[in-house]
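Inspection log for the structure reproduced underneath, given as structure tokens.
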Amino acid sequence: MGAFSRGFRDEDRKDIAQAVEQLPLGELARFRAWFEAFDAGSFDMEIERNARAGKLDPLATEAISAYRAGRCRDL
């Protein structure tokens, strides 16, 4: 279960899964839209934390070096 299992008891996970499974289609669509936005925001915050902590610096250095060496192409 990966990240989903951290901080959750099996009963909690089962309760959440069961609640989602029982949602009517319209509610499921609203939940899906909410969760997608929530998940994207969480991802963005993690990227920001990693950038501030310097964890992305090696990747940026590599990309800049490749660009300067002409090893890049237009997308």
Side-chain angles (χ1 to χ4, degrees):
M1 295 248 166
F4 184 64
S5 65
R6 279 184 259 148
F8 283 95
R9 298 182 337 239
D10 283 339
E11 297 81 25
D12 295 332
R13 244 188 340 272
K14 289 174 185 173
D15 289 345
I16 292 168
Q18 186 177 31
V20 171
E21 288 170 355
Q22 293 177 359
L23 288 173
L25 290 179
E27 288 295 317
L28 181 59
R30 281 188 283 283
F31 173 77
R32 188 181 303 117
W34 170 83
F35 187 80
E36 185 177 324
F38 170 80
D39 192 41
S42 295
F43 181 80
D44 290 347
M45 287 189 309
E46 183 175 3
I47 292 292
E48 287 293 327
R49 279 192 306 272
N50 288 340
R52 282 192 298 275
K55 292 181 178 181
L56 304 179
D57 291 354
L59 295 173
T61 300
E62 182 181 344
I64 291 168
S65 295
Y67 175 76
R68 289 181 178 154
R71 295 191 316 264
C72 296
R73 57 185 169 87
D74 291 336
L75 297 177

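The basis for the numbers below is simple: all heavy atoms, side chains too, and nothing from hydrogens, waters or symmetry mates.
- Using bins of under 30°, 30° to 60° and over 60° for the plane-to-plane angle, the ring pair W34/F38 lands in the parallel bin.
- A chain of hydrophobic side-chain contacts below 4.5 Å, direct or via other Ile, Leu, Val, Met, Phe, Trp or Tyr residues, connects F43 to L59.
- Here the closest heavy-atom approach between residue G54 and residue P58 is recorded as O-CD, 3.8 Å.
- Annotation: the span from R71 atom CZ to E62 atom CD amounts to 8.0 Å, rounded to 0.5 Å.
- Between atom CZ of residue R49 and atom CG of residue L56 there is a gap of 12.0 Å, rounded to the nearest 0.5 Å.
- Salt bridge R30/E27: present, at least one basic N to carboxylate O contact under 4.0 Å.
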CA sep, side-chain torsions, deciding dist, call: R32, E36, salt bridge (charged side-chain N to carboxylate O under 4.0 Å, His left out): CA-CA 6 Å; R32 188 181 303 117; E36 185 177 324; over 6 Å; no
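- Heavy atoms of other residues, nucleotides or ligands lying less than 6.0 angstrom from CG of L25 number 12 at most.
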